[in-house]
Structures are given as C-alpha cells and as structure tokens.
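These values consider heavy atoms only, across backbone and side chains, with no hydrogens, waters or symmetry-generated copies.
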Amino acid sequence: MRTRRRVACCRFFFITVALVFVTALFFPSHSEARRKSLQAGKDVKGITFDEFWAKVYEEGTKWAGNRLRVRRIVSVPVVGFDGRSGRSPVWEAQLVRCDSARAQDTAEEGAVASNICKGRSVTIRVVESGVSGEEAGIRTSKEIYFRGPVVKTDRIKIGAGLAEDTANNHKNYHPVETDNYTYELKFDQRGDRPVWVIKRTCGYKGRSSGRCMPGDHWITKVDAESGEIVK
C-alpha cells in the first residue's frame with residue numbers, strides 16, 4: 001500500500017514539474033516580456049521630455065486630479081538610438097494618486113522629513129512611431145497599491161534637456177555624435193528634492209564604428225527644482 005502511494009506521489013510530482021516547464025516555455029513572464037529589446041527605425045527622432053511630460057501630465061490629471069504625484073520618470077533604452085538633447089523614443093513615468101500623505105523622519109543622521117504617500121499607482125509609457133517591439137502611442141498600466149516617497153508635479157521645473165546642458169557645463173564637456181544620454185528623475189529623500197540622474201556613455205554609433213574608449217562615461221545629478229548640481 002505504501003509503495004503504491006509513493007509511486008502515485010512520484011507521478012504527481014513529475015507531472016507537476018512538466019506542467020511548470022511547459023508553462024514557462026510557452027508563456028513567458030511579464031518581466032521577461034519587458035526585457036525584450038526595442039529597436040529604433042531609421043526615421044525615429046526621439047520624443048522631447050517636454051512633449052512627453054505634457055501628455056503624461058494631462059493623462060495623470062484626468063486620473064488623479066490635484067492628488068497627482070510622481071514616483072519616477074525614465075528614458076527607456078532603444079537599440080539603435082543615441083539619446084541627446086533630452087530626447088528618447090520611449091519614455092516611462094510612474095504616477096501616484098496620493099490618497100493620504102504624512103511627513104516621516106528617516107532614521108539616517110542628518111536626513112530631513114520627506115512626504116510619504118499612500119494611494120494607487122500607474123505606469124504610463126509613451127512610444128514613438130517607428131520603434132519595433134512596442135506599439136506606438138500612450139499605454140497605461142493597471143492600478144496597483146503604493147506607499148513611498150513621491151514628488152509634487154509643480155516641483156519639476158527643470159526638464160531633461162536643460163538638466164543635460166547643466167551636466168555638460170559642469171563637466172566642461174562638449175557633446176559629440178557618438179554620445180548617448182539617458183535620463184532618470186527620482187526623489188532624493190535626504191535632500192528632499194527631485195533629482196535628474198544624467199548618464200552619458202559612448203552610444204551605438206560609437207560602438208558600431210569602434211570609437212568607444214574604456215571608461216568613456218560619466219554620471220551627474222541635477223536638482224530638478226533649482227537646476228543646481230547635486231554633489
């Protein structure tokens with residue numbers, strides 16, 4: 001009797017493993033789908049941050065009204081496109097509808113109070129026409145629960161293009177055709193400020209022509225409210 005039970009359990013185990021394997025093979029996870037590379041067509045020029053933000057702000061205001069907050073904004077990498085002058089073929093913003101907020105002191109020494117918001121969050125992605133691997137236009141994700149630090153929209157006074165110029169001036173750097181810039185806006189809890197993280201690397205043109213040098217990159221942070229360099 002025990003032997004039959006063991007055989008039955010073994011059969012059930014192997015069948016379960018086989019089903020999991022088949023499911024993973026034919027139905028990839030959402031995270032795997034998001035890792036799929038996006039390709040830029042020859043006519044792709046990039047969407048300016050200002051154009052992207054105008055669309056996202058309009059959609060976000062319809063959804064959240066005066067409770068709209070920002071968790072993060074990022075330019076999404078696209079193969080074959082070198083970002084410059086605050087442009088990207090794909091932008092993504094995580095927006096928050098702040099149902100309640102309070103000031104919370106962080107445990108780190110010297111930290112300042114920051115707004116901690118509880119509510120709902122959506123991610124809005126804007127894709128330029130000509131990018132393969134993603135449908136062009138505006139897409140909004142499903143709402144999810146959110147709790148964490150956020151930025152009020154009126155504090156984002158400096159766009160990605162101006163932040164890039166500030167970073168270049170700070171580095172005494174003159175952009176060239178092989179450069180690639182990526183942009184990320186997030187909240188600095190210690191400084192209680194929205195910050196642009198500007199990353200400059202050797203881009204696709206430089207790599208394809210063999211003009212990239214080891215260590216040819218830098219990162220600079222710019223206050224999105226005051227326009228000052230964050231050290």
Got a salt bridge between K205 and E177, using NZ or NE/NH1/NH2 to carboxylate O under 4.0 Å? no

Same apolar cluster: V150 and W196, side chain cutoff 4.5 Å: no

Hey, what else clusters with Y204 if you join Ile, Leu, Val, Met, Phe, Trp, Tyr whenever side-chain heavy atoms sit under 4.5 Å? V79

Is R200 salt-bridged to D179, going by a charged N under 4.0 Å from an acidic O? yes

Looking only at heavy atoms, the pair that brings A40 and F81 closest together is CB-CB, 3.9 Å

With clusters defined by side-chain heavy atoms of hydrophobic residues (ILVMFWY) lying less than 4.5 Å apart, directly or transitively, does W63 cluster with I73? yes

Residues R97 and D99 bridged, charged N to O under 4.0 Å: yes

Identify every side-chain donor-acceptor pair in residues 44-54 under 3.5 Å, counting partners at least two apart or on other chains, and give the distances.
unit_1: T48; atom_1: OG1; unit_2: E51; atom_2: N; d: 3.2

Using a strict 4.0 Å threshold on nitrogen-to-oxygen distance, state whether R193 and D188 make a salt bridge. yes

Please round to the nearest 0.5 Å and tell me the distance separating atom CD1 of I138 and atom CD of E58. 8.0 Å

Run the salt bridge (charged side-chain N to carboxylate O under 4.0 Å, His left out) test against E134 and tell me which residues pass, sequence neighbours left out. R125, R139

For Y181, all residues meeting ring-ring contact (aromatic ring centres under 6.0 Å, His included), sequence neighbours excluded: none

N/O donor to acceptor pairs below 3.5 angstrom from side-chain atoms of residues 152-167, sequence neighbours left out:
unit_1: R155; atom_1: NE; unit_2: E225; atom_2: OE1; d: 3.1
unit_1: R155; atom_1: NH2; unit_2: D192; atom_2: O; d: 2.7
unit_1: R155; atom_1: NH2; unit_2: E225; atom_2: OE1; d: 2.9
unit_1: E164; atom_1: OE1; unit_2: S85; atom_2: N; d: 2.8
unit_1: E164; atom_1: OE1; unit_2: G86; atom_2: N; d: 3.1
unit_1: E164; atom_1: OE1; unit_2: Y183; atom_2: OH; d: 2.5
unit_1: E164; atom_1: OE2; unit_2: S85; atom_2: N; d: 3.2
unit_1: T166; atom_1: OG1; unit_2: L162; atom_2: O; d: 3.0

List for me each residue that meets side-chain contact (heavy atoms from CB on, under 4.5 Å) alongside S141, sequence neighbours excluded, and say none if there are none. V122, T123

